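Read through the structure below, which is laid out as structure tokens, and then see the notes.
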Amino acid sequence: MNPFQEALDVTIRHLEEMKRAGVTHVPVRRETLEALNRPVAVAAGSPVTHPTSSGMPSPAMKIPPPVPASRTEPPDMFAERIHVAGTTKTEKLASLRQQALACVKCKHLAASRTQVVFGVGNPESELMFVGEAPGADEDAKGEPFVGRAGQLLTKIIETMGYKRSDIYIGNVLKCRPNMPAGESGNRQPTGDEMKTCLPWLQAQIDIIQPKVIVALGAVAMRGLMPDISTGITKLRGHWLLYSNIPLMPTYHPAYVLRAYTLQNRRAIWEDMLQVLERLGRPITPKMRNYFKSE
Ligand code: URA
């Protein structure tokens, strides 16, 4: 990891600890904030360019022109500002993660989150699961799919013959959608929130290059492919292409938990059998027959 990313990592961890300890505001000078808002150009093997803590460039540093901070910066402009360092997928994901952890594109989510939930798993995975957004459990732990729906997802992954750590798991939205003051529970991410956040997921997919993506539920599908208006019941089980990668839409595990019928459990499992076939993975007769009769 380069020294800038190391410093950024330590700073983020420190701020997250303060937030967990109940600190809600930290004083920051205007110049520092402006300096932090400028893009960081990081290229593999080249020195990092970034303003010094005073906000002034050091003599050896070349500073890209400032990008005006705005709540509505188009996602494609934001995507241009993502610069991934490293050569291996692990290094590239680590570089991307450092930048995502510092993201404040959605001011309301940056203010309410405990932490950014970037994604977890094997950067070399042939299979990637994509959900909609972290809930309260994920926001607390910093890992996607660790609550009840996550336990079901882990069970599905293991029944497919993988370990959870073999797979890469992420969400369209990296921050927990904020809730009105005093309200618990989770809400769905809005279209705008997902559109703003999508470049992070797109960059994760570009790095990992999985052979198959599984989109979990209608909201994740809407985030990934906003132009498709067909409902998830019709979409599931049918292959689509996302960035030239085969994508299987299926039910969200939380939906299956809510509507825990044999039909829904069989449906999600049939979609996973298609995924295994596509990946050339072994399927035993027992696997084929799960949920056929109970
Ligand atoms: N639901 C999601 O879509 N993502 C998570 O990480 C958890 C629950």
Side-chain angles (χ1 to χ4, degrees), residues 75 100 103 105-106 108-110 112-113 116-121 127-154 156-157 167-180 183-205 210 212-243 245-261 264-265 267-268 271-272 275:
C103 183
K105 291 249 82 58
C106 304
H108 59 300
L109 300 184
S112 63
R113 73 188 178 211
V116 172
V117 180
F118 176 69
V120 72
L127 176 57
M128 182 166 175
F129 284 89
V130 176
E132 55 183 71
D137 295 323
E138 290 75 23
D139 175 67
K141 192 146 183 229
E143 183 175 327
F145 284 98
V146 292
R148 276 190 72 223
Q151 283 159 23
L152 178 55
L153 179 64
T154 304
I156 292 168
I157 289 170
I167 306 301
Y168 197 87
I169 307 172
N171 281 309
V172 178
L173 201 70
K174 308 296 185 218
C175 294
R176 180 188 181 205
N178 60 329
M179 295 297 291
E183 273 188 37
S184 58
N186 297 313
R187 72 159 169 88
Q188 285 183 1
T190 66
D192 276 353
E193 288 166 345
M194 290 196 287
K195 193 169 167 196
T196 304
C197 204
L198 195 62
W200 294 121
L201 178 66
Q202 180 66 61
Q204 284 172 302
I205 292 170
V212 168
I213 297 170
V214 174
L216 296 166
V219 179
M221 268 310 294
R222 213 163 38 244
L224 283 163
M225 297 184 173
D227 295 337
I228 297 185
S229 56
T230 312
I232 190 70
T233 310
K234 284 220 176 103
L235 272 186
R236 63 142 285 272
H238 299 281
W239 287 105
L240 298 168
L241 268 187
Y242 182 84
S243 284
I245 298 170
L247 178 142
M248 173 57 68
T250 194
Y251 289 141
H252 194 289
Y255 167 74
V256 177
L257 284 174
R258 275 197 311 276
Y260 202 68
T261 62
N264 287 342
R265 281 180 287 158
I268 197 171
D271 300 344
M272 295 309 102
V275 167

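Bear in mind that the values here come from a model prediction, so they are computed numbers and not experimental data.
- Proximity of W239 to V212: side-chain heavy atoms (C-beta onward) are separated by under 4.5 Å at one or more points.
- For the pair I157 and I169, the minimum side-chain heavy-atom distance is below 4.5 Å.
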Pair N186-R176, side chain to side chain contact (heavy atoms under 4.5 Å, CB included): steps then yes or no
CA-CA 8 Å; N186 297 313; R176 180 188 181 205; 3.1 Å; yes
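- At distances below 3.5 Å, at least one donor-acceptor pair connects side-chain atoms of N264 with backbone N or O atoms of A259.
- Atom-to-atom distance recorded for M179:CE and D139:CG is 12.0 Å, nearest 0.5 angstrom.
- The distance from atom CZ of F129 to atom CD1 of I156, rounded to the nearest 0.5 Å, is 7.0 Å.
- Side-chain atoms of V120 and P144, non-hydrogen and from C-beta on, do get closer than 4.5 Å to each other.
- With a 4.5 Å cut-off on side-chain heavy atoms, W200 and C103 count as touching.
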Should M128 and L201 be marked as a side chain to side chain contact (heavy atoms under 4.5 Å, CB included) after you check the CA-CA gap, both sets of side-chain angles, and the distance that decides it?
CA-CA 11 Å; M128 182 166 175; L201 178 66; 3.7 Å; yes
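- Expressed to the nearest 0.5 Å, how far CG of L109 lies from CG of L173 amounts to 6.0 Å.
- Remark: R148 CZ to L257 CG distance equals 5.0 Å, nearest 0.5 Å.
- Taking the side chain as every heavy atom from C-beta outward, M272 and V214 approach each other to under 4.5 Å.
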Using side chain to side chain contact (heavy atoms under 4.5 Å, CB included), reason through I232 and H252 one step at a time and then give a plain yes or no.
CA-CA 9 Å; I232 190 70; H252 194 289; over 6 Å; no
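- With values rounded to the nearest 0.5 angstrom, L153 atom CG is found 6.0 Å from L216 atom CG.
- Between L198 and G223, the shortest heavy-atom distance links the atoms CD2-O, 3.7 Å.
- The minimum heavy-atom distance between P134 and N171, with the atom names listed, is N-ND2, 3.7 Å.
- A donor-acceptor contact under 3.5 angstrom links the side chains of T250 and D271, judged on distance only.
- Atom CZ of R187 is surrounded by more than 12 heavy atoms from other residues, nucleotides or ligands within 6.0 Å.
- Among all heavy-atom pairs drawn from F118 and A100, the shortest one is CD1-CB, 3.7 Å.
- Judged by distance alone, with hydrogens and angles left aside, the side-chain atoms of E138 form a donor-acceptor pair with the main-chain N or O of G147 at under 3.5 Å.
- Atom CZ of R222 sits about 13.0 Å away from atom CG of D227, to the nearest 0.5 Å.
- When the side-chain contact (heavy atoms from CB on, under 4.5 Å) test is applied to Q202, the partners found at least two apart in sequence or on another chain are D206, Y242, S243.
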Set out, in order, the CA-CA distance, both residues' side-chain angles and the distance that settles side chain to side chain contact (heavy atoms under 4.5 Å, CB included) for T154 and F145, then state yes or no.
CA-CA 8 Å; T154 304; F145 284 98; over 6 Å; no
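- Using modelled atom types, no side-chain atom of Q188 and backbone atom of E132 make a donor-acceptor pair closer than 3.5 Å.
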